[in-house]
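For ligands, and for the atoms within them, numbers begin at 1 and follow the listed sequence.
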Amino acid sequence: MRVAVFCSGRGSNLLALLEASEANLLGPAELRLVVTDSSAAGALNTGREWGLYTALIPRTAYHANRDGYERRLLDVLAEHEIELVVLAGYLRILGPVFLSAFPNKVINVHPALLPSFPGQNVWPDEVDGGVKLAGATVHFVDDGIDKGPIIIQGAVPVLDSDTPESLAERILKVEHRILPQALFWLASGRLLVENRRVKLLDGPSQPSGPFLIWPPLENRK
Ligand code: GRF
């Protein structure tokens, strides 16, 4: 399954995917193309260094013409025979022209436990809001913002000493683990979407470890 990774920034999630691919952890997923909307995106260099095709398609070149922008994206994906799309820190919203060409074939990583904290400014809002557990989500992309069916989530504690930056760093490590896992399942045909629920075919029927509760429960006897 040929995969394009869309990035707008430094590309650490792209790197996590590349390392997973090198370690044969992506199953039938073959990373082929990096698409960025910014020439400053570190992901562009990472993609080149690892021998992927790269495409710089600035959104600004299309002004208010989102449909034209999305048709250009689709043309580039068609040239490379792309079958799956991963949004990894891609800051543009994709609309119906693009998404209808890739139904249930576009996934996104978001640095929060959705449906809490969609959109931007996640880490300051979590720290200021006093939540005890934060985390990351990989989900299918639909026409809402950070709203599509959830594939996998990972949680981390929010410490009293956390700043938005330190929390973001802890969450990023979770992103780097759950995104390659989600892509493996997607490329392997293991994800069944029923309404808003994503079922993992041939997955475990029971949780294998303890639930994550933070702060930990104390022995109260
Ligand atoms: C990640 O936190 C991702 O969840 C968010 O933007 C960040 C991208 O980081 N949407 P990177 O470019 O993969 O390093």
Taking both backbone and side-chain atoms of [X], is any N or O found less than 3.5 Å from an N or O belonging to ligand 1?
X     : value
Asn13 : yes
Leu14 : no
Ser12 : yes

N/O donor-acceptor pair under 3.5 Å between Thr36 side chain and Cys7 backbone: no

Any donor and acceptor pair, going by atom type alone, linking the side chain of His139 with main-chain N or O of Gln153 inside 3.5 Å? no

Give the residue and atom name of whichever protein heavy atom lies nearest to atom 1 (C) of ligand 1, and the separation in Å to one decimal. Glu175 OE1, 3.1 Å

Nearest neighbour in protein (non-hydrogen) for atom 9 (O) of ligand 1: Arg10 NH2, 3.3 Å

Which atoms of ligand 1 are found less than 4.0 Å from any heavy atom of Gly89? 6 (O), 8 (C), 10 (N)

Numbered in order shown, the ligand 1 atoms found under 4.0 Å of a heavy atom of Gly11 are 11 (P), 12 (O), 13 (O), 14 (O)

So, does Cys7 sit close enough to ligand 1 that a heavy atom of it is under 4.0 Å from the ligand? no

Do Leu26 and Leu179 sit in one hydrophobic cluster, given that two such residues count as connected whenever their side-chain heavy atoms are within less than 4.5 Å of each other, even indirectly? yes

Would a hydrophobic clustering, with Ile, Leu, Val, Met, Phe, Trp and Tyr connected at side-chain separations under 4.5 Å, put Val3 with Phe102? no

Is atom CG of Leu25 surrounded by more than 12 heavy atoms (other residues, nucleotides or ligands) closer than 6.0 Å? yes

Electrostatic pair Arg2:Glu30 at N-O distance under 4.0 angstrom: no

